[in-house]
Number of protein chains: 2
Amino acid sequence: MIVVTSVNVNGIRAAAKKGFLEWLAATEAEVVCLQEVRSEPEQLPAELRDLPGWHAVWAPAASKGRAGVAVLSRKAPERTAIGFGSAEFDGSGRYAEIDLPGLTVASLYLPSGEVGTERQDEKERFMAEFLVHLVELRARAAKDGREVVVCGDWNIAHQPADLKNWKANQKNAGFLPEERAWLTRVLDEGGYVDVVRRLHPDQEGPYSWWSYRGRAFDNDSGWRIDLIIATGILAKKCVEAYVERSATHAERWSDHAPVTAVFDLNN
Amino acid sequence: MIVVTSVNVNGIRAAAKKGFLEWLAATEAEVVCLQEVRSEPEQLPAELRDLPGWHAVWAPAASKGRAGVAVLSRKAPERTAIGFGSAEFDGSGRYAEIDLPGLTVASLYLPSGEVGTERQDEKERFMAEFLVHLVELRARAAKDGREVVVCGDWNIAHQPADLKNWKANQKNAGFLPEERAWLTRVLDEGGYVDVVRRLHPDQEGPYSWWSYRGRAFDNDSGWRIDLIIATGILAKKCVEAYVERSATHAERWSDHAPVTAVFDLNN
DNA sequence: CATCTAAAG
DNA sequence: CTTTTGATG
(Lines give C-alpha, C1' and ligand atoms only; values in the text may rest on other atoms or scores of the structure.)
Protein backbone atom coordinates (compact mmCIF):
# COMPACT_ATOMS: atom_id res chain seq x y z
CA MET A 1 0.00 0.00 0.00
CA ILE A 2 1.35 3.39 -0.93
CA VAL A 3 -0.48 6.64 -0.40
CA VAL A 4 0.46 9.66 -2.52
CA THR A 5 -0.90 13.16 -1.95
CA SER A 6 -0.60 16.33 -4.00
CA VAL A 7 -1.40 19.80 -2.72
CA ASN A 8 -0.82 23.34 -3.88
CA VAL A 9 -0.07 25.15 -0.60
CA ASN A 10 -0.17 28.69 -2.03
CA GLY A 11 2.84 29.83 0.01
CA ILE A 12 4.10 27.24 2.47
CA ARG A 13 5.10 29.86 5.04
CA ALA A 14 1.60 31.31 5.17
CA ALA A 15 0.06 27.81 5.07
CA ALA A 16 2.20 26.67 8.01
CA LYS A 17 0.75 29.46 10.15
CA LYS A 18 -2.77 28.33 9.37
CA GLY A 19 -2.78 24.56 9.71
CA PHE A 20 -0.63 22.94 7.04
CA LEU A 21 1.71 21.40 9.59
CA GLU A 22 -1.20 19.91 11.54
CA TRP A 23 -2.53 18.44 8.31
CA LEU A 24 0.91 17.02 7.46
CA ALA A 25 1.28 15.51 10.93
CA ALA A 26 -2.07 13.74 10.50
CA THR A 27 -1.68 12.50 6.93
CA GLU A 28 -0.99 8.84 6.24
CA ALA A 29 0.62 9.60 2.92
CA GLU A 30 3.97 8.03 2.11
CA VAL A 31 4.77 10.77 -0.40
CA VAL A 32 3.46 14.36 -0.46
CA CYS A 33 3.94 16.54 -3.53
CA LEU A 34 3.76 20.28 -2.94
CA GLN A 35 3.25 23.12 -5.37
CA GLU A 36 3.47 26.89 -4.98
CA VAL A 37 5.89 26.61 -2.10
CA ARG A 38 6.84 30.26 -2.82
CA SER A 39 9.96 30.19 -0.70
CA GLU A 40 13.59 29.41 -1.10
CA PRO A 41 14.69 26.63 1.25
CA GLU A 42 16.92 29.19 3.02
CA GLN A 43 13.92 31.40 3.76
CA LEU A 44 11.96 28.60 5.40
CA PRO A 45 11.49 28.68 9.16
CA ALA A 46 13.17 25.79 10.97
CA GLU A 47 9.97 23.75 11.44
CA LEU A 48 9.52 23.68 7.66
CA ARG A 49 13.12 23.27 6.62
CA ASP A 50 13.50 20.16 8.76
CA LEU A 51 10.25 18.25 8.73
CA PRO A 52 10.68 15.43 11.23
CA GLY A 53 10.06 12.06 9.60
CA TRP A 54 10.29 13.38 6.06
CA HIS A 55 12.92 13.59 3.36
CA ALA A 56 12.42 16.61 1.16
CA VAL A 57 13.58 17.77 -2.23
CA TRP A 58 12.92 21.48 -2.77
CA ALA A 59 12.82 23.00 -6.25
CA PRO A 60 12.48 26.76 -5.75
CA ALA A 61 11.94 29.23 -8.59
CA ALA A 62 14.75 31.53 -9.67
CA SER A 63 12.58 34.55 -8.92
CA LYS A 64 11.77 34.82 -5.24
CA GLY A 65 8.27 34.25 -3.98
CA ARG A 66 7.14 32.53 -7.17
CA ALA A 67 6.09 28.96 -7.91
CA GLY A 68 8.33 26.34 -6.29
CA VAL A 69 7.59 22.63 -5.89
CA ALA A 70 8.74 19.96 -3.48
CA VAL A 71 8.45 16.24 -2.91
CA LEU A 72 8.30 14.94 0.64
CA SER A 73 8.81 11.24 1.26
CA ARG A 74 9.01 9.22 4.43
CA LYS A 75 11.78 7.03 2.99
CA ALA A 76 14.97 8.39 1.48
CA PRO A 77 14.69 8.54 -2.32
CA GLU A 78 17.07 6.51 -4.46
CA ARG A 79 17.39 9.50 -6.79
CA THR A 80 16.08 13.04 -6.94
CA ALA A 81 15.87 15.45 -9.86
CA ILE A 82 14.82 19.04 -10.36
CA GLY A 83 13.40 20.05 -13.71
CA PHE A 84 12.79 17.81 -16.71
CA GLY A 85 15.68 18.73 -18.98
CA SER A 86 14.25 22.03 -20.19
CA ALA A 87 16.56 24.97 -20.73
CA GLU A 88 13.68 27.37 -20.22
CA PHE A 89 11.84 25.77 -17.31
CA ASP A 90 14.24 23.80 -15.14
CA GLY A 91 14.96 26.83 -12.96
CA SER A 92 11.35 27.91 -12.68
CA GLY A 93 10.32 25.84 -9.67
CA ARG A 94 7.78 23.80 -11.56
CA TYR A 95 9.00 20.23 -11.52
CA ALA A 96 10.79 17.79 -9.24
CA GLU A 97 10.87 14.03 -9.13
CA ILE A 98 12.10 11.28 -6.88
CA ASP A 99 12.69 7.57 -7.33
CA LEU A 100 11.57 5.15 -4.70
CA PRO A 101 11.99 1.38 -5.21
CA GLY A 102 10.09 0.55 -8.41
CA LEU A 103 8.36 3.92 -8.50
CA THR A 104 8.97 7.46 -9.75
CA VAL A 105 6.89 10.23 -8.15
CA ALA A 106 6.87 13.74 -9.60
CA SER A 107 5.49 17.08 -8.45
CA LEU A 108 4.36 19.45 -11.18
CA TYR A 109 3.22 23.06 -11.15
CA LEU A 110 2.14 23.98 -14.64
CA PRO A 111 2.06 27.71 -15.45
CA SER A 112 -1.40 29.11 -14.97
CA GLY A 113 -1.49 31.25 -18.11
CA GLU A 114 -3.70 34.16 -19.05
CA VAL A 115 -5.33 34.43 -22.46
CA GLY A 116 -3.85 37.09 -24.70
CA THR A 117 -0.66 37.51 -22.71
CA GLU A 118 2.90 36.25 -22.81
CA ARG A 119 2.00 34.11 -19.80
CA GLN A 120 -0.25 32.01 -22.02
CA ASP A 121 2.55 31.57 -24.56
CA GLU A 122 4.78 30.43 -21.73
CA LYS A 123 2.15 27.94 -20.59
CA GLU A 124 1.92 26.52 -24.11
CA ARG A 125 5.69 26.24 -24.46
CA PHE A 126 5.75 24.41 -21.14
CA MET A 127 2.96 22.08 -22.26
CA ALA A 128 4.78 21.19 -25.48
CA GLU A 129 8.04 20.38 -23.76
CA PHE A 130 6.42 18.62 -20.85
CA LEU A 131 4.41 16.20 -22.99
CA VAL A 132 7.67 15.02 -24.54
CA HIS A 133 9.06 14.51 -21.05
CA LEU A 134 6.03 12.49 -19.94
CA VAL A 135 6.34 10.18 -22.92
CA GLU A 136 10.06 9.67 -22.34
CA LEU A 137 9.56 9.25 -18.61
CA ARG A 138 7.12 6.42 -19.15
CA ALA A 139 9.35 4.77 -21.76
CA ARG A 140 12.38 4.88 -19.47
CA ALA A 141 10.33 3.64 -16.54
CA ALA A 142 8.96 0.75 -18.58
CA LYS A 143 12.47 -0.27 -19.59
CA ASP A 144 13.54 -0.18 -15.92
CA GLY A 145 10.44 -1.98 -14.76
CA ARG A 146 9.19 0.93 -12.74
CA GLU A 147 5.85 2.72 -12.50
CA VAL A 148 5.29 6.46 -12.57
CA VAL A 149 2.92 8.83 -10.82
CA VAL A 150 2.87 12.53 -11.69
CA CYS A 151 1.06 14.76 -9.21
CA GLY A 152 0.40 18.40 -9.37
CA ASP A 153 -1.43 21.51 -10.20
CA TRP A 154 -1.96 21.24 -13.94
CA ASN A 155 -3.92 24.48 -14.18
CA ILE A 156 -6.20 22.81 -16.73
CA ALA A 157 -9.64 21.30 -16.23
CA HIS A 158 -10.11 18.41 -18.62
CA GLN A 159 -13.84 18.00 -19.12
CA PRO A 160 -17.05 19.91 -18.34
CA ALA A 161 -17.46 17.82 -15.19
CA ASP A 162 -14.15 19.22 -13.96
CA LEU A 163 -15.35 22.75 -13.24
CA LYS A 164 -18.55 24.30 -12.00
CA ASN A 165 -19.11 26.79 -14.76
CA TRP A 166 -17.65 25.24 -17.87
CA LYS A 167 -19.74 27.11 -20.42
CA ALA A 168 -18.59 30.51 -19.23
CA ASN A 169 -14.97 29.39 -19.17
CA GLN A 170 -14.43 28.09 -22.67
CA LYS A 171 -12.41 31.16 -23.56
CA ASN A 172 -10.51 31.38 -20.28
CA ALA A 173 -7.11 29.98 -19.48
CA GLY A 174 -7.53 26.62 -17.80
CA PHE A 175 -10.41 25.42 -19.99
CA LEU A 176 -9.35 26.37 -23.50
CA PRO A 177 -10.03 23.73 -26.16
CA GLU A 178 -6.31 23.44 -26.92
CA GLU A 179 -5.47 22.97 -23.25
CA ARG A 180 -8.12 20.31 -22.84
CA ALA A 181 -6.90 18.56 -25.99
CA TRP A 182 -3.38 18.61 -24.60
CA LEU A 183 -4.53 16.85 -21.42
CA THR A 184 -6.20 14.22 -23.59
CA ARG A 185 -2.86 13.70 -25.35
CA VAL A 186 -1.08 13.44 -21.98
CA LEU A 187 -3.36 10.55 -21.10
CA ASP A 188 -3.55 8.89 -24.53
CA GLU A 189 -0.11 9.43 -26.06
CA GLY A 190 1.59 9.61 -22.69
CA GLY A 191 -0.06 6.47 -21.51
CA TYR A 192 -1.25 7.74 -18.15
CA VAL A 193 -4.50 7.46 -16.24
CA ASP A 194 -6.23 10.21 -14.24
CA VAL A 195 -6.81 8.11 -11.14
CA VAL A 196 -9.43 10.27 -9.45
CA ARG A 197 -11.58 10.33 -12.58
CA ARG A 198 -11.06 6.63 -13.14
CA LEU A 199 -12.58 5.82 -9.75
CA HIS A 200 -15.27 8.51 -9.96
CA PRO A 201 -16.30 8.51 -13.62
CA ASP A 202 -19.75 10.03 -13.18
CA GLN A 203 -19.14 12.64 -10.54
CA GLU A 204 -19.11 16.43 -10.87
CA GLY A 205 -15.62 17.28 -9.71
CA PRO A 206 -14.44 16.53 -7.13
CA TYR A 207 -13.01 20.03 -7.31
CA SER A 208 -9.62 20.73 -5.80
CA TRP A 209 -9.35 24.52 -6.24
CA TRP A 210 -11.72 27.34 -5.33
CA SER A 211 -10.94 30.99 -5.95
CA TYR A 212 -10.51 33.13 -2.86
CA ARG A 213 -12.78 35.69 -4.49
CA GLY A 214 -16.45 35.84 -3.63
CA ARG A 215 -18.05 32.76 -2.06
CA ALA A 216 -16.46 30.23 -4.40
CA PHE A 217 -15.53 27.77 -1.66
CA ASP A 218 -18.85 27.94 0.18
CA ASN A 219 -20.75 27.45 -3.07
CA ASP A 220 -18.35 24.68 -4.16
CA SER A 221 -17.78 26.69 -7.30
CA GLY A 222 -14.42 25.10 -8.02
CA TRP A 223 -12.17 23.47 -10.57
CA ARG A 224 -10.56 20.03 -10.65
CA ILE A 225 -7.10 21.07 -11.83
CA ASP A 226 -4.96 19.14 -9.35
CA LEU A 227 -4.52 15.76 -10.96
CA ILE A 228 -2.70 12.57 -10.08
CA ILE A 229 -1.86 10.58 -13.16
CA ALA A 230 -0.24 7.16 -13.10
CA THR A 231 1.08 4.65 -15.59
CA GLY A 232 -1.38 1.91 -16.51
CA ILE A 233 -0.34 -0.98 -14.29
CA LEU A 234 -0.09 1.26 -11.23
CA ALA A 235 -3.35 3.06 -12.02
CA LYS A 236 -5.18 -0.26 -11.93
CA LYS A 237 -3.88 -0.73 -8.40
CA CYS A 238 -5.42 2.54 -7.29
CA VAL A 239 -8.11 1.49 -4.83
CA GLU A 240 -9.04 4.92 -3.52
CA ALA A 241 -8.67 8.47 -4.82
CA TYR A 242 -10.21 11.56 -3.32
CA VAL A 243 -10.01 15.27 -2.66
CA GLU A 244 -9.70 16.27 0.98
CA ARG A 245 -11.94 19.32 0.83
CA SER A 246 -12.30 19.28 4.61
CA ALA A 247 -8.54 19.70 5.08
CA THR A 248 -8.85 23.31 4.08
CA HIS A 249 -12.31 23.84 5.44
CA ALA A 250 -11.94 24.51 9.18
CA GLU A 251 -9.20 27.05 8.72
CA ARG A 252 -8.41 27.47 5.07
CA TRP A 253 -4.66 27.24 4.66
CA SER A 254 -4.71 27.18 0.84
CA ASP A 255 -7.09 27.85 -2.02
CA HIS A 256 -6.40 24.25 -3.13
CA ALA A 257 -7.29 21.05 -1.28
CA PRO A 258 -5.06 17.95 -1.07
CA VAL A 259 -5.69 15.21 -3.63
CA THR A 260 -4.79 11.69 -2.59
CA ALA A 261 -4.41 8.35 -4.33
CA VAL A 262 -4.10 5.05 -2.48
CA PHE A 263 -2.34 2.29 -4.40
CA ASP A 264 -2.59 -1.34 -3.26
CA LEU A 265 0.57 -2.85 -4.70
CA ASN A 266 -0.64 -6.40 -3.96
CA ASN A 267 -3.70 -5.81 -6.08
CA MET B 1 -8.92 77.74 23.79
CA ILE B 2 -7.76 75.85 20.72
CA VAL B 3 -6.24 72.40 20.77
CA VAL B 4 -4.06 71.30 17.86
CA THR B 5 -2.73 67.77 17.41
CA SER B 6 -0.23 66.30 14.96
CA VAL B 7 0.23 62.62 14.31
CA ASN B 8 2.00 60.52 11.72
CA VAL B 9 -0.44 57.63 11.24
CA ASN B 10 1.87 55.43 9.13
CA GLY B 11 -0.93 54.38 6.78
CA ILE B 12 -4.35 55.62 7.81
CA ARG B 13 -6.12 52.53 6.49
CA ALA B 14 -4.02 50.23 8.67
CA ALA B 15 -4.26 52.65 11.60
CA ALA B 16 -8.05 52.75 11.33
CA LYS B 17 -8.20 49.00 11.80
CA LYS B 18 -6.17 49.23 14.97
CA GLY B 19 -7.62 52.12 16.95
CA PHE B 20 -7.03 55.41 15.16
CA LEU B 21 -10.75 56.09 14.82
CA GLU B 22 -11.35 55.45 18.52
CA TRP B 23 -8.53 57.84 19.32
CA LEU B 24 -10.02 60.45 16.97
CA ALA B 25 -13.47 60.05 18.49
CA ALA B 26 -12.02 60.69 21.94
CA THR B 27 -9.71 63.61 21.14
CA GLU B 28 -10.66 67.12 22.16
CA ALA B 29 -8.54 68.66 19.44
CA GLU B 30 -10.05 71.35 17.25
CA VAL B 31 -7.56 70.62 14.47
CA VAL B 32 -5.73 67.36 13.74
CA CYS B 33 -2.81 67.28 11.32
CA LEU B 34 -2.01 63.89 9.81
CA GLN B 35 1.11 62.66 8.08
CA GLU B 36 1.86 59.49 6.15
CA VAL B 37 -1.75 58.97 5.23
CA ARG B 38 -0.49 56.67 2.45
CA SER B 39 -3.78 56.59 0.59
CA GLU B 40 -5.53 58.51 -2.09
CA PRO B 41 -8.86 59.93 -0.89
CA GLU B 42 -10.61 57.63 -3.40
CA GLN B 43 -9.01 54.56 -1.81
CA LEU B 44 -10.22 55.44 1.66
CA PRO B 45 -12.99 53.34 3.18
CA ALA B 46 -16.22 55.29 3.79
CA GLU B 47 -15.64 55.75 7.53
CA LEU B 48 -12.38 57.55 6.76
CA ARG B 49 -13.46 59.49 3.71
CA ASP B 50 -16.36 61.04 5.62
CA LEU B 51 -15.32 61.64 9.17
CA PRO B 52 -18.44 62.79 10.99
CA GLY B 53 -17.89 66.16 12.65
CA TRP B 54 -14.71 66.91 10.70
CA HIS B 55 -13.79 68.88 7.63
CA ALA B 56 -10.80 67.39 5.85
CA VAL B 57 -8.29 68.51 3.30
CA TRP B 58 -6.35 65.59 1.83
CA ALA B 59 -3.01 66.06 0.09
CA PRO B 60 -2.05 62.67 -1.34
CA ALA B 61 1.28 61.92 -3.00
CA ALA B 62 1.49 61.46 -6.76
CA SER B 63 2.95 57.99 -6.22
CA LYS B 64 0.46 55.67 -4.58
CA GLY B 65 1.03 54.43 -1.06
CA ARG B 66 3.62 57.10 -0.26
CA ALA B 67 3.59 60.06 2.10
CA GLY B 68 0.32 62.02 2.09
CA VAL B 69 -0.80 64.62 4.63
CA ALA B 70 -4.17 65.92 5.74
CA VAL B 71 -5.66 68.57 8.00
CA LEU B 72 -8.86 67.77 9.87
CA SER B 73 -10.79 70.62 11.47
CA ARG B 74 -14.08 70.72 13.29
CA LYS B 75 -14.98 74.05 11.68
CA ALA B 76 -14.93 74.65 7.95
CA PRO B 77 -11.68 76.35 6.92
CA GLU B 78 -11.79 79.80 5.32
CA ARG B 79 -9.13 78.65 2.86
CA THR B 80 -7.24 75.46 2.13
CA ALA B 81 -4.02 74.90 0.19
CA ILE B 82 -1.96 71.94 -0.87
CA GLY B 83 1.78 72.38 -1.24
CA PHE B 84 3.79 75.53 -0.59
CA GLY B 85 4.45 76.77 -4.10
CA SER B 86 7.20 74.29 -4.95
CA ALA B 87 7.41 72.87 -8.45
CA GLU B 88 9.19 69.79 -7.12
CA PHE B 89 7.26 69.08 -3.93
CA ASP B 90 3.69 70.31 -4.24
CA GLY B 91 2.52 66.99 -5.63
CA SER B 92 4.46 64.88 -3.15
CA GLY B 93 1.89 64.74 -0.36
CA ARG B 94 4.06 66.58 2.12
CA TYR B 95 2.27 69.83 2.91
CA ALA B 96 -1.25 71.18 3.37
CA GLU B 97 -2.54 74.20 5.19
CA ILE B 98 -5.86 75.66 6.23
CA ASP B 99 -6.95 79.05 7.45
CA LEU B 100 -9.28 79.36 10.39
CA PRO B 101 -10.27 82.80 11.72
CA GLY B 102 -7.01 84.52 12.69
CA LEU B 103 -5.00 81.31 12.41
CA THR B 104 -3.19 79.26 9.78
CA VAL B 105 -2.56 75.59 10.59
CA ALA B 106 -0.26 73.46 8.43
CA SER B 107 0.55 69.76 8.28
CA LEU B 108 4.07 68.88 7.17
CA TYR B 109 5.76 65.60 6.34
CA LEU B 110 9.41 66.30 5.65
CA PRO B 111 11.29 63.64 3.63
CA SER B 112 13.07 61.24 5.93
CA GLY B 113 16.31 61.05 3.95
CA GLU B 114 19.11 58.52 4.02
CA VAL B 115 22.75 59.52 4.14
CA GLY B 116 24.66 58.95 0.92
CA THR B 117 21.57 58.55 -1.24
CA GLU B 118 19.48 60.69 -3.53
CA ARG B 119 16.82 60.63 -0.82
CA GLN B 120 19.09 62.77 1.34
CA ASP B 121 19.59 65.25 -1.49
CA GLU B 122 15.84 65.42 -1.87
CA LYS B 123 15.46 66.09 1.85
CA GLU B 124 17.96 68.93 1.62
CA ARG B 125 16.27 70.48 -1.40
CA PHE B 126 12.99 70.30 0.49
CA MET B 127 14.53 71.92 3.55
CA ALA B 128 15.95 74.80 1.52
CA GLU B 129 12.66 75.55 -0.20
CA PHE B 130 10.58 75.05 2.89
CA LEU B 131 12.54 77.48 5.04
CA VAL B 132 11.78 80.20 2.50
CA HIS B 133 8.11 79.28 2.71
CA LEU B 134 8.11 79.43 6.50
CA VAL B 135 9.61 82.91 6.47
CA GLU B 136 7.12 84.14 3.88
CA LEU B 137 4.23 82.46 5.65
CA ARG B 138 5.00 84.29 8.86
CA ALA B 139 5.44 87.60 7.05
CA ARG B 140 2.12 87.27 5.26
CA ALA B 141 0.39 86.20 8.43
CA ALA B 142 1.81 89.15 10.35
CA LYS B 143 0.55 91.53 7.69
CA ASP B 144 -2.92 89.93 7.91
CA GLY B 145 -2.89 89.88 11.67
CA ARG B 146 -2.96 86.12 11.89
CA GLU B 147 -0.91 83.57 13.80
CA VAL B 148 0.61 80.39 12.38
CA VAL B 149 1.14 76.88 13.68
CA VAL B 150 3.04 74.31 11.62
CA CYS B 151 2.64 70.71 12.78
CA GLY B 152 4.26 67.65 11.47
CA ASP B 153 6.84 64.98 11.16
CA TRP B 154 10.02 66.93 10.55
CA ASN B 155 12.23 63.85 10.47
CA ILE B 156 14.89 65.79 12.35
CA ALA B 157 15.71 65.74 16.05
CA HIS B 158 16.96 69.14 17.09
CA GLN B 159 19.10 68.60 20.18
CA PRO B 160 20.67 65.70 22.08
CA ALA B 161 17.67 65.68 24.43
CA ASP B 162 15.48 64.92 21.44
CA LEU B 163 16.60 61.33 20.90
CA LYS B 164 17.70 58.50 23.13
CA ASN B 165 20.98 57.67 21.50
CA TRP B 166 22.27 60.95 20.10
CA LYS B 167 25.99 60.10 20.06
CA ALA B 168 25.51 57.08 17.83
CA ASN B 169 23.31 59.06 15.46
CA GLN B 170 25.46 62.04 14.58
CA LYS B 171 26.13 60.60 11.15
CA ASN B 172 22.62 59.36 10.52
CA ALA B 173 19.81 61.10 8.70
CA GLY B 174 17.61 62.84 11.23
CA PHE B 175 20.42 64.06 13.47
CA LEU B 176 23.04 65.37 11.07
CA PRO B 177 24.69 68.66 12.08
CA GLU B 178 23.35 70.40 8.97
CA GLU B 179 19.81 69.16 9.65
CA ARG B 180 19.97 70.33 13.25
CA ALA B 181 21.35 73.71 12.15
CA TRP B 182 18.50 74.02 9.70
CA LEU B 183 15.94 73.49 12.49
CA THR B 184 17.69 76.22 14.44
CA ARG B 185 17.28 78.52 11.46
CA VAL B 186 13.60 77.58 11.19
CA LEU B 187 13.12 78.80 14.74
CA ASP B 188 15.44 81.81 14.64
CA GLU B 189 15.11 83.16 11.10
CA GLY B 190 11.61 81.81 10.67
CA GLY B 191 10.49 83.28 13.93
CA TYR B 192 8.77 80.20 15.31
CA VAL B 193 8.78 78.50 18.70
CA ASP B 194 8.90 74.75 19.36
CA VAL B 195 6.03 74.72 21.83
CA VAL B 196 6.64 71.32 23.42
CA ARG B 197 10.26 72.20 24.14
CA ARG B 198 9.30 75.65 25.39
CA LEU B 199 7.06 74.14 28.07
CA HIS B 200 9.42 71.26 28.86
CA PRO B 201 12.89 72.78 28.56
CA ASP B 202 14.72 70.30 30.76
CA GLN B 203 13.12 67.03 29.81
CA GLU B 204 14.58 64.15 27.81
CA GLY B 205 12.18 63.92 24.91
CA PRO B 206 9.25 63.58 25.13
CA TYR B 207 9.81 61.26 22.19
CA SER B 208 7.12 60.93 19.54
CA TRP B 209 8.54 58.17 17.33
CA TRP B 210 9.89 54.73 18.14
CA SER B 211 11.14 52.32 15.49
CA TYR B 212 9.11 49.16 15.05
CA ARG B 213 12.38 47.26 15.10
CA GLY B 214 13.55 45.57 18.27
CA ARG B 215 12.11 46.78 21.57
CA ALA B 216 12.40 50.50 20.84
CA PHE B 217 8.95 51.38 22.15
CA ASP B 218 9.17 49.30 25.33
CA ASN B 219 12.59 50.79 26.12
CA ASP B 220 11.39 54.29 25.19
CA SER B 221 14.28 54.42 22.77
CA GLY B 222 12.69 57.08 20.60
CA TRP B 223 13.11 60.36 18.78
CA ARG B 224 11.28 63.67 19.15
CA ILE B 225 10.83 64.45 15.47
CA ASP B 226 7.15 65.41 15.45
CA LEU B 227 7.16 69.11 16.25
CA ILE B 228 4.54 71.78 16.63
CA ILE B 229 5.98 75.22 15.96
CA ALA B 230 4.03 78.44 16.35
CA THR B 231 4.58 82.12 15.76
CA GLY B 232 5.68 84.07 18.84
CA ILE B 233 2.44 85.60 20.09
CA LEU B 234 0.57 82.33 19.74
CA ALA B 235 3.40 80.30 21.25
CA LYS B 236 3.20 82.38 24.39
CA LYS B 237 -0.45 81.37 24.68
CA CYS B 238 0.46 77.69 24.65
CA VAL B 239 -0.50 76.49 28.12
CA GLU B 240 -0.02 72.80 27.60
CA ALA B 241 1.98 70.68 25.13
CA TYR B 242 2.51 66.96 25.32
CA VAL B 243 3.05 63.66 23.54
CA GLU B 244 0.28 61.13 23.93
CA ARG B 245 2.48 58.05 24.18
CA SER B 246 -0.42 56.07 25.69
CA ALA B 247 -2.53 56.63 22.56
CA THR B 248 -0.43 54.14 20.70
CA HIS B 249 0.34 51.98 23.68
CA ALA B 250 -2.68 49.68 24.23
CA GLU B 251 -2.85 48.66 20.61
CA ARG B 252 -0.15 50.37 18.66
CA TRP B 253 -1.74 51.88 15.58
CA SER B 254 1.34 53.86 14.46
CA ASP B 255 5.04 54.04 15.15
CA HIS B 256 4.48 57.72 16.04
CA ALA B 257 2.41 59.11 18.91
CA PRO B 258 0.14 62.18 18.70
CA VAL B 259 1.67 65.50 19.75
CA THR B 260 -0.74 68.11 21.11
CA ALA B 261 -0.57 71.81 21.89
CA VAL B 262 -3.27 73.65 23.84
CA PHE B 263 -3.49 77.38 23.18
CA ASP B 264 -5.43 79.66 25.53
CA LEU B 265 -6.33 82.56 23.27
CA ASN B 266 -7.46 84.67 26.23
CA ASN B 267 -4.03 84.36 27.76
C1' DC C 1 -9.17 37.59 -2.13
C1' DA C 2 -4.66 35.99 -0.88
C1' DT C 3 0.48 35.27 -1.32
C1' DC C 4 4.52 37.06 -2.14
C1' DT C 5 7.92 41.09 -3.23
C1' DA C 6 10.21 45.84 -3.11
C1' DA C 7 10.87 50.25 -1.45
C1' DA C 8 10.28 53.13 2.20
C1' DG C 9 10.42 54.29 6.78
C1' DC D 1 9.28 45.40 12.09
C1' DT D 2 5.51 47.61 9.34
C1' DT D 3 2.90 49.67 5.50
C1' DT D 4 2.26 50.18 1.23
C1' DT D 5 2.63 48.56 -4.01
C1' DG D 6 2.52 45.41 -8.00
C1' DA D 7 2.76 40.89 -9.92
C1' DT D 8 0.76 36.61 -9.72
C1' DG D 9 -2.60 33.52 -9.10
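Within every chain, numbering begins at 1; the chains are lettered A, B, ... in the order of the sequence lines, protein sequences first and strands thereafter.
- One interatomic measurement links the two molecules: CH2 of A:W209 to C1' of C:dA2, which rounds to 12 Å at whole-angstrom precision.
- Comparing D:dT5, C:dA7, C:dC1 by their nearest atom to the side chain of B:K64 picks out D:dT5.
- Between the CD atom of A:Q35 and the P atom of C:dT3 there is a distance of 18 Å, given to the nearest Å.
- For B:R38, the listed nucleotide lying nearest its side chain is D:dT3; candidates were C:dA7, C:dT3, D:dT3.
- Nucleic acid contact for A:Q43: sugar-phosphate only, since backbone atoms but no base atoms lie under 4.0 Å from a heavy atom of the residue.
- Contacts between residues 164-179 of chain A and DNA chain C, counted as heavy-atom distances below 4.0 Å, involve no residue at all.
- Going from atom CG of A:L110 over to atom P of D:dT8 covers 16 Å, rounded to whole Å.
- Put simply, CZ on B:F20 is 15 Å from P on D:dT3, counting in whole angstrom units.
- Here A:K18 lies in heavy-atom contact (under 4.0 Å) with sugar-phosphate atoms only.
- Closest approach to the B:R13 side chain among D:dT4, D:dT8, C:dT5 is made by D:dT4 (side chain taken as heavy atoms from C-beta onward).
- The CZ-C1' distance, from A:R66 to C:dA2, rounds to 15 Å in whole Å.
- Residues satisfying the salt bridge (charged side-chain N to carboxylate O under 4.0 Å, His left out) criterion with B:D162, sequence neighbours excluded, are B:R197, B:R224.
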Show your working on side-chain hydrogen bond (donor to acceptor under 3.5 Å, both in side chains) between A:Q35 and A:D153 and close with a plain yes or no. CA-CA 7 Å; A:Q35 300 89 37; A:D153 177 355; over 6 Å; no
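- Straight-line distance from the NE2 atom of A:H256 to the P atom of C:dC1: 18 Å, rounded to whole Å.
- Taking the side chain to side chain contact (heavy atoms under 4.5 Å, CB included) definition, one finds that B:A16 meets it with B:L21, B:L48, sequence neighbours left out.
- Considering only residues two or more places apart in sequence or on other chains, B:N169 meets the side chain to side chain contact (heavy atoms under 4.5 Å, CB included) condition with B:L163, B:N165, B:N172, B:F175, B:W223.
- Heavy atoms only, all atoms of each residue included: A:S208 and A:I225 are closest at OG-N, 3.5 Å.
- Residue contacts for B:E36: at a heavy-atom cut-off of 4.0 Å it reaches the sugar-phosphate backbone alone, with no base atom in range.
- Atoms CZ (B:R213) and C1' (C:dA8) sit 10 Å apart, rounded to a whole Å.
- Atom CG of A:D153 is separated from atom P of D:dT8 by 17 Å (rounded to the nearest Å).
- Here A:E88 pairs with A:R125 under the salt bridge (charged side-chain N to carboxylate O under 4.0 Å, His left out) rule; sequence neighbours left out.
- Every side chain to side chain donor-acceptor pair (under 3.5 Å) that B:Y207 has, sequence neighbours left out, goes to B:E204.
- Taking the nucleotide of DNA chain C with the nearest heavy atom to each of A:Y212 and A:S39, the more 5' of the two is matched to A:Y212.
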